[in-house]
Number of protein chains: 2
Amino acid sequence: MLTLKHLRSIEAIHETGSITRAASRLYLTQSALSHQMVGLETYYNVMLYERTRPLRLTPAGERLLELAREVAPRMEACERDLQRMSERRQPGRLRIAVECHTCYDWLMPAMDAYRSHWPEVEMDLVGGFHADPVSLLADDRADLVIVSEPGRAREVSYEPLFRYEMLALMASSHPLAAKSRLEAQDFAQETLITYPAPDRLLDLVRRVLKPAGIHPERRQVELTIAIVQLVASRKGLAALPAWAVAPFLERGYVVARPVTAHGLWSDLFAAVRSEDATRGYVRDFVTTLREQAFMSLPGIESVPESS
Amino acid sequence: MLTLKHLRSIEAIHETGSITRAASRLYLTQSALSHQMVGLETYYNVMLYERTRPLRLTPAGERLLELAREVAPRMEACERDLQRMSERRQPGRLRIAVECHTCYDWLMPAMDAYRSHWPEVEMDLVGGFHADPVSLLADDRADLVIVSEPGRAREVSYEPLFRYEMLALMASSHPLAAKSRLEAQDFAQETLITYPAPDRLLDLVRRVLKPAGIHPERRQVELTIAIVQLVASRKGLAALPAWAVAPFLERGYVVARPVTAHGLWSDLFAAVRSEDATRGYVRDFVTTLREQAFMSLPGIESVPESS
DNA sequence: CTTATTCATGAATTTATTTCATGATAATCA
DNA sequence: TGATTATCATGAAATAAATTCATGAATAAG
C-alpha cells in the first residue's frame, strides 16, 4: 500500500538522480530503497524510473512525484499540529549558537522557513565567540548549537545535518591551478587566508596541514567576499565550502580544487540537550535545517553513519 | 509513521462511531484497529477519540480526519492513474447484471460516481430476467453481476459488498404492529406483497417462511412505492430492506419490524470472472460500490468473513 | 443485578521491511 | 580496449511491524 515513505523516496530519487544518494539522504541502505521501489513497481505493474545514469523518472514516477508534492506537505503540517496539541506546555524557545562563519548562509533561510511552520517558537541567535559552545546548552544560554563534530556526553544529543566538501581556492593565474588536486605540501610556501577563528575550527589546518607538520603564513579576514577578493589578487590561498565558492567561479578570477585524494569533507551536526531532542518543535527545526540545506546548497551529502 | 491506512481508519471510526464497526468495514479485527489507534496515540502522545459510547473524535482526531479528507482522494486518484498506465490494453468495459429490484436504488448513484473516475470505461446494464445470472459471465454477456450468495466455481470471484436487514412492513394500525419482532407464524394468515420474482430471490420466503412450512397468500407488484401503498392500505405485509423503507416510516402510515430473533440479514456480492478480478478498473468499481453504499444507505454493515 | 456489547491488552503469529553479502551492468579512465 | 570504479538488483537472513487470538475490564441495556 502506498505510504508517505514511498512518496519521500520518489522525491529523493528525483532530486538526487540516484538510488544510492537518495538512500543515504533517507538514512536507508541502497538495497532497502531498491527493494522498496521494486515493490512499488511490482504492485502497480509499472516502471518508476529508467535504469540509466543519471536515473530519470518515467511518467508513472512523475505522477507519484506530483502526488508527493501535493500530499506530503499536508501530512507534515498535520503532524506538526498533532505535536502542538500534545505539548501543552509553554511554546518552545530556540536560542541558536553557531560555530562556523559560513553557516549563516544557509541558517538564515532555514530559520525563515521554520518560522512559518512554528510561529509561536521564539528564535534567537547567540552571538559572540565561545571556546566550548556546546557548554552553552548545559548553562541554559543556548538550546541548539551547530557544530562540526559529535561529542560523546550523554546529556547532549547530536543530530547529523549534512556534509560538504572544502575546496582550496586560488587565483586562476596561480601556478597551483594547474594541478587537479592539492596536497598538504602545496600550502607550505603560500599564505593561507582564513576567517578569524581558532585552528580547531579550520578543517584544512586541523585535519590536513597540522598533521603534515606544515604551518603556512596566515592572514585573517572577516567576510567571505573579502577572502575571495584577496585570493583573486594573488595574496594567498583559501579553503571554503564548495557551495560557498560556486558563485565566484563563474567570473573566472579564481579556481577551486579538491584537497587530498578523497577530498576534505566536513560534517555538521545540531547539538541539543537530550531532554529536548524528542520535542516536536526541536525535531522539526533539525528536519527543516536538513531540507533547506539539501534544497539550496549544491554538492552537499548526508553524513555517513560512522561519523 | 502516518499512513493512508491510518487515515482510512480515522474516517471509518468517525463514520461508524465505533471501533468494532469500523474494523469490520475495514476488514480488520477489532483488536487490530484498537492496537493501531493506541499506536498512533502513543506516537503523537494525544488522545484521538473519547472512550464513550457512541465514540467521538477529540480535536486531534478531528485534525487527522481533516487530513484524511484532503489527502485520501488525491492518493486514490494517483493510484487509479498508475493502474491506467499499467494496463495499456483497450479501456475496459463493464456490463452489469442485477438480480434484485431494490439494487437499482444504490447502483445508479454508484455508477455515476464511478463514471467520473473512469470515464473511459464503458458501462452498460444487462436487462431482462435470467435464471442463472452468474452464467452471463462465462457467456461473455456480462462482466459483473450483483448476487446475494457467493458460489464456489473457481472461474468466478465473489467480492463481498455489504449486508442489510430485511424488515417486515405493515400498516401502523395492523394488529401485528404491537409486536416488537415478527416470527414465521405471524405471516400465516396474511397476504405477502412482493416484487415479481421467484421465491429463490425473496429472502423472507426462502429463509424464513419456507423452512417453517408457511405459505401465505401472495400478491406481486413491480414498484417499491406501490408495495408500500398496498401495505398502508392494509392489503397485506411486505419485507423490504431497512434502508428502502426508512423514508416511508416518517409519514407514520406504515411501521417496520425485524423478522426472527437476530433479524433477517441479506448479503450482497459482486461476481466477476476471476481473470478480471485483479484489473484496476474492476477492483475500483467494487470499491466504489461499497463506498457509495456505506455513504448513502443507513443501517447496512459489512459482510462477515464466514459468509 | 444480570446479560450484552464494546474496548483494551498481552502473547503468538504472520507479514513486511531492512540489512548484509554478492552478482551483474554500465560508466570512467589509463 | 581492458581494467577499474560506480551503481543497481537480488536472495537470504535478521529485524521490525502489523495482525490475530484469547481474554479481561468497563459500560450500557434489559
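It should be emphasised that the depicted structure is a prediction, and the values quoted were computed from it without experimental measurement. In what follows, chains are A, B, ... by sequence order, proteins preceding strands, each numbered from 1.
Looking at residues 32-49 of chain A, you'll see A:Ser34, A:His35, A:Tyr49 sit with a heavy atom under 4.0 Å from some atom of DNA chain D.
A straight line from NE2 of A:His262 to P of D:dT5 spans 10 Å, rounded to a whole angstrom. Rounded to a whole Å, the CZ atom of B:Arg56 is 15 Å from the P atom of C:dC7. In this entry the distance linking CG of B:Leu28 with P of C:dT14 reads 17 Å, nearest Å. The interatomic distance linking B:Leu2 (CG) with D:dA17 (P) rounds to 15 Å, in whole Å. The nearest whole Å value for the distance from the CD1 atom in A:Ile19 to the P atom in C:dT19 is 14 Å. Nucleotide D:dT7 holds its P atom 9 Å from the CD atom of A:Glu301, rounded to whole Å. At whole-Å resolution of the value, OH in A:Tyr27 and P in C:dT19 are 13 Å apart. With rounding to whole Å, A:Ile13 atom CD1 is found 11 Å from D:dC8 atom C1'.
We find the CZ-CG distance between B:Arg257 and B:Leu167 to be 9.5 Å, quoted to the nearest 0.5 Å.
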Next on the checklist: What does the 5'-to-3' dot-bracket notation of DNA chain C look like when only Watson-Crick and G-U wobble pairs under 3.5 Å count, and pairs to other strands show as |?
Outcome noted: |||.||||||||||||||||||||.|||||
Checklist entry - In B/S/- notation, 5' to 3', how is nucleotides 22-30 of chain D contacted by protein heavy atoms closer than 4.0 Å? => result -----S---
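Considering only residues two or more places apart in sequence or on other chains, A:Glu11 meets the side-chain hydrogen bond (donor to acceptor under 3.5 Å, both in side chains) condition with none of them. Every ring-ring contact (aromatic ring centres under 6.0 Å, His included) that A:Phe285 has, sequence neighbours left out, goes to A:Tyr114. Judged as a side-chain contact (heavy atoms from CB on, under 4.5 Å), and not counting sequence neighbours, the contacts of A:Ala72 are A:Leu4, A:Glu76. Under the ring-ring contact (aromatic ring centres under 6.0 Å, His included) criterion, A:Phe162 pairs with A:Trp106, not counting sequence neighbours. Here B:Glu41 pairs with B:Arg51 under the salt bridge (charged side-chain N to carboxylate O under 4.0 Å, His left out) rule; sequence neighbours left out.
Comparing atom distances between the A:Arg21 side chain and each of C:dC20, D:dT7, C:dC7 picks out D:dT7 as nearest. Here C:dT17 is the nucleotide among C:dC7, C:dT17, D:dC8 with the atom lying nearest to any side-chain atom of A:Lys5.
Applying the 90° criterion around 0 to the glycosidic angle, D:dA6 comes out syn. C:dA4 has its base syn relative to the sugar, with a glycosidic angle deviating from 0 by at most 90°.
Residue pairs meeting the salt bridge (charged side-chain N to carboxylate O under 4.0 Å, His left out) criterion with at least one member in residues 292-302 of chain B, sequence neighbours excluded, do not occur. Here salt bridge (charged side-chain N to carboxylate O under 4.0 Å, His left out) pairs that include residues 284-294 of chain A, with residues two or more places apart or in two chains, are A:Arg80-A:Asp284. Applying the side chain to side chain donor-acceptor pair (under 3.5 Å) test to pairs two or more places apart or on separate chains, those with a residue in residues 14-26 of chain A are A:Glu15-A:Arg25, A:Ser24-A:Ser302.
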Checklist entry - Does the salt bridge (Lys or Arg N to Asp or Glu O under 4.0 Å) test come out yes or no for B:Glu50 and B:Arg56, once each step is laid out? => result CA-CA 5 Å; B:Glu50 309 284 353; B:Arg56 275 179 55 89; over 6 Å; no
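When only modelled atom types and interatomic distance are considered, A:Gln36 and A:Ser34 share no side-chain donor-acceptor pair under 3.5 Å.
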Enumerate all atom pairs, one protein N or O and one N or O from nucleotides 28-30 of chain C, separated by less than 3.5 Å.
none

